[in-house]
Protein chains: 2
Amino acid sequence: MARPRTQPYHHGQLREALTTAGRALLEEKGIRGFTLRECARRAGVSHAAPAYHFASIDDLLAALATRGFDELAAAMTAEADRASGDAAGRLIGQGVGYMAFAAGNPALFQLMFSREANRLETADLAAAAEAVRRLQAAAVEAAIPHASGEIKQRMADFATASVHGFIALLLDGQIGGKDSSRALKTRGLALLSAMAETVVRAGG
Amino acid sequence: MARPRTQPYHHGQLREALTTAGRALLEEKGIRGFTLRECARRAGVSHAAPAYHFASIDDLLAALATRGFDELAAAMTAEADRASGDAAGRLIGQGVGYMAFAAGNPALFQLMFSREANRLETADLAAAAEAVRRLQAAAVEAAIPHASGEIKQRMADFATASVHGFIALLLDGQIGGKDSSRALKTRGLALLSAMAETVVRAGG
DNA sequence: CGAGAATCTTGACGTTGGAAAGAGGCGAGA
DNA sequence: TCTCGCCTCTTTCCAACGTCAAGATTCTCG
């Protein structure tokens, strides 16, 4: 709905400014510390201004989550493309992109996969999440093209679960509490290669 | 102000009553819908009564999470013991217990693994979480007793991540959206056996 | 240029978490 | 037995929250 205007309105691009401010706020304070009024404050508008652009605070959160899924998908494909090589290499690369996005946006990542976001299931949000899921399934299927549909699905479950579980536990401090960032990356890569090996072996 | 004698002025077991009420409330309303005053209401006391037993709302949440980890550990060992068989069987059984607890307490499970809880890192909470981690690591190590320490750690990462990731994604609706409960259990068991197979293969 | 729509502000309501102060119940020592 | 002091709970108050309603401002377009 936002279009370029010769002269900005009262604010002009409030919706965009609110999502930007909200995203930063979310990373700073976490889901429970997230408030609509603080978003408005940071965007330089009154506390009731957001109401026009977002029906409720959950609506804003849903918008943030939606954008998060879009960026997650972009990070996955970018990293997969960067990983030259066979389908297994792409699968690993996609996992790297997944983890990198999560590590760079921990609170947003948690919001995306919390049922709080699902409470206000926007069609956009569902579609964005579905796109990520399809990306994962496609990478697994490409690695084991001759396997049965059932095997493909089980391996997609497996790949998705390991990648997501590892980074989720890591961000929560449940894995590698005091390890260096470098050591954690090594552990992450080791997990990804073990995952890919299992997938490929199941497909052959 | 005559007090009705139905309840003594001293509640007696307020702390326990608050955690019980809080747990139910958490499952009903989710983390964002959780309020201290509603807990007090359900426990039949004034809104400021909880302050004596819990320093803050985060303190109550931390207590709930702590108990959650305790019960999670109990569910894991119970199910592992029930699974007669070799170490790999125990590993799978422990995963079943993990998933069963999560499925039975989805909101609590999410709280336990959200950084919101970690914001108020109680010593008890850290210890309870650590116990669960040790349980996981021990089950993996028992399945591959002759492997190197590095392999054991990597396989512990792997097993923990797959189990946690699968059930977390499932509870969020990211896996098996419209599948029946029976089909989901089958998928979960398939994941667990694939996980155990990978672990055992890496160890031998 | 003026009317109407879009955008933002101001003010209000009910609710929240938390602090402060007071009151009721209970045990220990006289 | 009585009373003092501590523990527990209530009452009252405050700032901040999300949301609504109404007013003000600015843009668009006839």
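Reminder, nothing fancy here: chain letters follow the sequence lines and each chain counts from 1.
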ask   = Going by the angle between their ring planes, with limits at 30° and 60°, are A:His164 and A:Phe109 parallel, tilted or perpendicular?
value = tilted

message = Given C:dT10, C:dG18, D:dT8, identify the nucleotide with an atom nearest to the side chain of B:Ile57.
response = C:dG18

ask   = For C:dT7, does OP1 or OP2 lie under 4.0 Å from any side-chain N or O of A:Tyr52?
value = yes

inquiry  = Just so I know, are the side chains of B:Leu192 and B:Met99 near enough to count as touching, which here means a heavy-atom distance under 4.5 Å?
reply    = yes

ask   = For the side chain of A:Thr35, counting heavy atoms from C-beta on, which of D:dC17, D:dC20, D:dC13 is nearest?
value = D:dC17

inquiry  = Check this one for me: any side-chain N or O of B:His53 less than 4.0 Å away from OP1 or OP2 of D:dC7?
reply    = no

remark   = A:Arg41 atom CZ is separated from C:dT9 atom C1', nearest whole Å, by 15 Å

query = How long is the gap from CZ on B:Arg133 to CD1 on A:Ile175, to the nearest 0.5 Å?
reply = 9.0 Å

inquiry  = To the nearest 0.5 Å, what is the distance between CZ on A:Arg32 and CZ on B:Phe34?
reply    = 7.5 Å

query = Between A:Glu16 (CD) and C:dT7 (P), how many Å, whole number?
reply = 15 Å

note = Out of D:dT10, C:dT9, C:dG17, minimum distance to the side chain of B:Leu36 belongs to C:dG17

ask   = Atom CD of B:Glu150 and atom CZ of A:Arg187: how far apart are they, to the nearest 0.5 Å?
value = 10.0 Å

ask   = Can you tell me how far P of D:dC9 sits from CZ of B:Phe54, to the nearest Å?
value = 11 Å

task = May I have the distance from A:Asp59 (atom CG) to D:dT19 (atom P), rounded to whole angstrom?
result = 10 Å

inquiry  = D:dG18, OP1 or OP2 - any side-chain N/O from B:Arg32 closer than 4.0 Å?
reply    = no

ask   = Is a donor-acceptor contact shorter than 3.5 angstrom present between the side chain of B:His47 and the base of D:dT11?
value = no

Nearest listed nucleotide, side chain of A:Leu14, among D:dC9, C:dC8, D:dT19 = C:dC8

remark   = Of B:Phe34 and A:Ala49, the one whose closest nucleotide on DNA chain C sits nearer the 5' end is A:Ala49

d(CZ, A:Arg37; C1', D:dC20) in whole Å = 12 Å

query = Whole Å only: how far is the CG atom of B:Leu61 from the C1' atom of C:dG17?
reply = 12 Å

request  = Quickly work out the A:Leu18 CG to D:dG18 C1' distance and round it to whole Å.
outcome  = 14 Å

